[in-house]
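Notes follow once the structure below has been shown.
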Amino acid sequence: MRRLIPLSGPLLRLAMVNFLASIGFGMYASGNAIYFTRYVGLPVSQVGVGLTVAGLVWLPLSIHLGQFADKVGARRATVVMGVAQVLLLVAATAVHGLAEFVVVVSLLGVFVQGGWICREALVAEMVEGEARVSVSAYLRSAFNVGIILGALAAGLALTLDDAPAYLGLISGSALAEAAATVLCLGLPKREAGPQRRADAVPIRHAVRDVPYLTLSVLYGLLAVGDIVLRIGIPLWIVTLSGLPRGLGAWLYGLNAVLVVALQVPLSRGAETFGGVRRLLLLASFASTASCLAIAVSAGVPALVGAGALVASVVLLSLSEVWSSAAGWKLRYELAPARAQGTWGGVFALGSSVNLVVGPAVVTLVVERYEATGWAALATGFFLVAAAVVPAMAWALRTRAAGPADEVASQRAGTQGTGSRGAEGKEAKTKEVKS
């Protein structure tokens, strides 16, 4: 990957799909809690519990969602996920009670995550080899721009604070997702041929790929930095004197701008596994330093504290960019070509550790341990750095016998073929399938 490639043709359409889907997601994610409390009239405690359930119920289904993409083709699976999201968003406008709320938001959680898994499998179908990292970087930038626009639209609806605005928020989210789904229909269609049938690599072999799962968990631990940004820093600011409480929102906006601006150029270096190892180490060290900067912000003049928090957000943004680029290489290149969806589901499952442990750990740090807690969290990120090198060596060693497809076939008790070896060599090219 000597230089990052511009997007055109089907890949530009895929970027637009990501962009529109992210606008819809940004509108829903930024305003759903207020919508269900202010418009539907549910108690805050019930909404909190329901959204927590919705954020976790998809976890045991992630591998099955990925296998669905392998069986029917990633484009068709992405369309199915999009249609389901549109229907459920429409259903959300008719929710009146707790039971309906939990069902709708839980199913939405499943199909939103399924959409992400299937779109990643779509990248694997449309792009070969190391070009996937650069394409994913462009898609991530488009996604983040859409999130920002969706959040701004949600902010307008919350400011108006009336029934038409709240209904418009959810309806707008549905329209954006519908537009993304219609665009997706124009992408190249890939049928899962006999050599790519998902049942050739059963789910049990995907979940037994412990080295792959280990790397996904380490990636998820680095993603705890996002929880620090969204929850930890805003709560921490409230405990400090002399800092405006809105600083947390401004810093989160700074992170969004930095990620959009830096994701593509800083994804360079992820074309080799040596580069991936370096990026993961850099991400771990940046997260470590960011927590130490947050700890320093306590007990100092307000201007110094604000500067330390700005530095921490810059470091967390760099960590996010570096770890994302490394994660794409690991997620695609260590997975069997004919089971990208299934292995993508495994990667999503392992990397979701940040959603499971992140909020509890970060809030505990802020409320009980303060600066000492931030230092402890910094130690945790440093330990991730220590684990990266042996974990990557383990994962690569398990695939040393040949391409990922051949390894998976051996585990499934099938015989490797010459065509699979050719497929492994072909994956080194930057060819976009037409």
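Only heavy atoms go into these numbers, but all of them, side chains included; no hydrogens, no water, no symmetry mates.
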Does any non-hydrogen side-chain atom of [Y] lie less than 4.5 Å from one of [X]?
X	Y	answer
Leu139	Leu11	no
Arg331	Glu120	yes
Val207	Ile63	yes
Arg230	Ile227	yes
Asp70	Arg338	no
Arg13	Met126	no
Arg119	Met81	no
Tyr166	Val40	no

Can you tell me how far [atom2] of [Y] sits from [atom1] of [X], rounded to the nearest 0.5 angstrom?
X	Y	atom1	atom2	answer
Leu279	Leu222	CG	CG	11.5 Å
Leu281	Ser323	CG	OG	12.0 Å
Asn18	Ile147	CG	CD1	10.0 Å
Leu215	Leu280	CG	CG	8.0 Å
Leu318	Trp322	CG	CH2	4.5 Å

Do any N or O atoms from the side chain of [X] and from the backbone of [Y] form a donor-acceptor pair under 3.5 angstrom?
X	Y	value
Ser22	Phe143	yes
Arg75	Leu122	no
Thr398	Ala395	yes
Gln113	Trp58	no

To check you understand the geometry: which heavy-atom pair defines the closest contact between [X] and [Y], and what is its length?
X	Y	answer
Val123	Ser136	CG1-OG, 4.1 Å
Ser106	Val102	OG-O, 2.7 Å
Tyr212	Val346	CD2-CG1, 3.9 Å
Ala270	Val276	O-CG2, 3.9 Å

Self-check item: Pairs involving residues 276-293, ordered by first then second residue, that meet side chain to side chain donor-acceptor pair (under 3.5 Å) (sequence neighbours left out)
Solution: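 For residues 276-293, and leaving out neighbouring residues, the side chain to side chain donor-acceptor pair (under 3.5 Å) pairs sorted by first residue read Ser287-Ser319.
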Self-check item: Residue list, salt bridge (charged side-chain N to carboxylate O under 4.0 Å, His left out) with Asp161, at least two apart or on another chain
Solution: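 Arg38.
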Quiz prompt | Test salt bridge (charged side-chain N to carboxylate O under 4.0 Å, His left out) applied to Arg140 - qualifying residues, sequence neighbours left out | solution =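 For Arg140 the salt bridge (charged side-chain N to carboxylate O under 4.0 Å, His left out) partners, ignoring immediate neighbours, are Glu320.
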Could you pull out every donor-acceptor pair under 3.5 Å between side chains of residues 169-180 and any protein atom, sequence neighbours left out?
from, atom 1, to, atom 2, distance (Å)
Ser171, OG, Leu167, O, 2.8
Ser173, OG, Gly24, O, 2.7

Self-check item: Ionic contact status for Glu271 with Lys329, cut-off 4.0 Å
Solution: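 Between Glu271 and Lys329 there is no salt bridge, as every charged N stays at least 4.0 Å from the carboxylate O atoms.
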Counterpart residues, side-chain contact (heavy atoms from CB on, under 4.5 Å), relative to [X] (two or more places apart):
X	answer
Val260	Asn144, Val145, Ile148
Leu235	Ile231, Thr363, Val366
Trp250	Pro244, Leu247

Self-check item: ring-ring contact (aromatic ring centres under 6.0 Å, His included) partners of Tyr332, counting only residues at least two apart
Solution: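 Result, ring-ring contact (aromatic ring centres under 6.0 Å, His included) vs Tyr332: none returned.
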Quiz prompt | Counterpart residues, ring-ring contact (aromatic ring centres under 6.0 Å, His included), relative to Tyr219 (two or more places apart) | solution =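 Only Phe347 meet the ring-ring contact (aromatic ring centres under 6.0 Å, His included) criterion with Tyr219.
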In residues 376-391, what donor-acceptor pairs under 3.5 Å come from side-chain atoms, sequence neighbours left out?
from, atom 1, to, atom 2, distance (Å)
Thr379, OG1, Ala375, O, 3.1

Side-chain donor-acceptor pairs under 3.5 Å in residues 294-316, sequence neighbours left out?
from, atom 1, to, atom 2, distance (Å)
Ser297, OG, Trp236, NE1, 2.8
Ser297, OG, Ile294, O, 2.5
Ser312, OG, Leu309, O, 2.6

Quiz item: With sequence neighbours left out, which residue pairs that include part of residues 7-34 fulfil the ring-ring contact (aromatic ring centres under 6.0 Å, His included) condition?
Solution: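 Residue pairs with at least one partner in residues 7-34: Phe25-Trp116.
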